[in-house]
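Contents: one structure, followed by commentary.
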Protein chains: 2
Amino acid sequence: MKLPAQGKVSARFDAECAATREILSRVGDKWSVLTVVLLGLETHRFNELKRALGGISQRMLTATLRGLERDGMVKRTVFPTNPPQVAYSLTPLGRSLLKPVAVLATWAQGHRAQVMTSRKTYDAR
Amino acid sequence: MKLPAQGKVSARFDAECAATREILSRVGDKWSVLTVVLLGLETHRFNELKRALGGISQRMLTATLRGLERDGMVKRTVFPTNPPQVAYSLTPLGRSLLKPVAVLATWAQGHRAQVMTSRKTYDAR
DNA sequence: CTGCATCCGATGCGATACTG
DNA sequence: CAGTATCGCATCGGATGCAG
C-alpha cells in the first residue's frame, strides 16, 4: 500500500480508526474489562464487585460502572430497600463485547512471556 | 458463580487478568494500535508514519515506537546514510497481534452507533 | 450499603524549541 | 531526517471524609 505524501491515509480509514480507538480507550482503562468479565459471569452488587476486583477504590468502581452504563454495556437496577441494594448486570451489548475481549485475552496469555522476555532484553542496555 | 466473601476471585483468575490488562493498556493508548496497523500494511519510515497518523506529535510517535519496540512488536532498522534513514516494521509478534485487534475493530465498527445512541440517551438527563 | 466531594500525586499527551 | 529536552495542561486514579 502506498501512503499519500501528505495528510492522513483516507477518510474511510480514519472513521474506522476513530470507532476502534474509542472502544479501545473504553476497554483499555484499568478496570472496565475486568468489571465486564465479572458481570458476564453473574449479576453483582456494588460491594461484591469491589471485593472481587481486589484493590479498586470506591471512586473508580463508581466511575467505571457509570461509564459502562453510559455506553449501554451495563444495566443498573436499584431496589428501594433499607439499606439500599443496587444490582449491576450486563446488557446484551455488554455481553456481545465478551467474545472480542476473550480473543484479546487469549492472545495476551499466549504471548505474555514473549513480551516479558523482549522487555528484559530491551531494558538490559 | 459464587464469589468468595472476601478477597479476589482466585489466583489463577488474577494472573490471567494481569496479563490481559497489561496488553490492554499497551493497546489502549492513543496511538499504538493505529501504528501497528499501519506497519502491518507496510514498513515505514519515521516521518511517513507521522504523516499517515495525522496529528500525532513527534514526542508521542517516538514514545509509541519505543514502547512497541521494547515489547518486541516493532523492529527498528537504521541505515547510516546521510541524512539518516530509519525503517520501522512489524516483528512476527507484532503481526500476530493484528488478528485479535481486527476482531475488536470489527466489534467497534459494528456497535459504534449503538454506543453513541446509549450515550446520548444517558446524557439527556 | 451505596455512593458523592475533595485533595493530590502520577501519568498521558501536545506544543515548541533545539541537535547530529 | 530522526530524533531529544522542556514545558504545561488534562486526565487517571488512590485516599479520605461525609451523606442518604
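What you see below is based on every heavy atom in this structure, not just the backbone, and it leaves out hydrogens, waters and symmetry mates. Just so we're on the same page: letters track the sequence lines, and every chain starts at 1.
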- Message: What is the separation between atom CD1 on Ile56(B) and atom C1' on dC13(C), rounded to the nearest whole Å?
- Response: 10 Å
- Give a yes/no on whether any side-chain N or O of Tyr88(A) is located under 4.0 angstrom from OP1 or OP2 of dG3(C). yes
- Query: Measuring from Trp31(B):CH2 to Leu53(B):CG, what's the distance to the nearest 0.5 Å?
  - Reply: 6.0 Å
- Task: Take atom CG of Leu49(A) and atom P of dG3(C), then tell me their distance rounded to the nearest Å.
- Result: 10 Å
- State whether Arg45(B) places a side-chain N or O below 4.0 Å from either non-bridging phosphate oxygen (OP1 or OP2) of dC1(D). no
- Query: Are Trp107(B) and Val103(B) connected in the hydrophobic side-chain network, where two residues link if heavy atoms are under 4.5 Å apart?
  - Reply: no
- Message: From CE of Met60(B) over to P of dG3(D), roughly how many Å is that when rounded to an integer?
- Response: 15 Å
- Task: Provide, to the nearest angstrom, the distance between the CZ atom belonging to Phe46(B) and the P atom belonging to dG3(D).
- Result: 6 Å
- Item | Earlier contact from the 5' end, DNA chain D, for Asp29(A) and Pro84(A) | Asp29(A)
- Query: In whole angstroms, how far is the C1' atom of dG14(C) from the NZ atom of Lys50(B)?
  - Reply: 10 Å
- Message: I want to check one thing: is the phosphate of dT2(C), taken as OP1 and OP2, less than 4.0 Å away from some side-chain N or O of Arg66(A)?
- Response: no
- Message: Looking only at side-chain N and O atoms, does Arg26(A) offer a donor or acceptor that is under 3.5 Å from a partner on Ser32(A)?
- Response: yes
- Item | Whole-Å gap separating C1' (dG13(D)) and CH2 (Trp31(A)) | 10 Å
- Counting only side-chain N and O atoms of Lys30(A), is one of them less than 4.0 Å from OP1 or OP2 of dG14(D)? yes
- Could you tell me whether Phe79(A) contacts a base, only the sugar-phosphate backbone, or nothing, with contacts defined as non-hydrogen atoms closer than 4.0 Å? nothing
- Would one find a side-chain N or O of Asn82(B) under 4.0 angstrom from OP1 or OP2 of dC1(D)? no
- Task: Go through dG14(C), dC1(C), dC1(D) for me and flag the one nearest to the Arg59(B) side chain.
- Result: dG14(C)
- Message: To the nearest 0.5 Å, what is the distance between CE on Met60(A) and CG on Leu65(A)?
- Response: 10.5 Å
- Whichever of Pro83(A) and Thr62(A) has the more 5' nearest nucleotide on DNA chain C, that residue is Pro83(A)
- Item | Length of the CG-P vector between Leu24(B) and dC12(D), whole Å | 16 Å
- Residues Glu22(A), Arg119(B): salt bridge by 4.0 Å N-O rule: yes
- Query: With respect to the phosphate group of dA2(D), does any side-chain polar atom (N or O) of Arg76(B) fall under 4.0 Å of OP1 or OP2?
  - Reply: no
- Message: Can you measure Asn47(B) atom CG to dG3(D) atom P for me and round it to whole angstrom units?
- Response: 9 Å
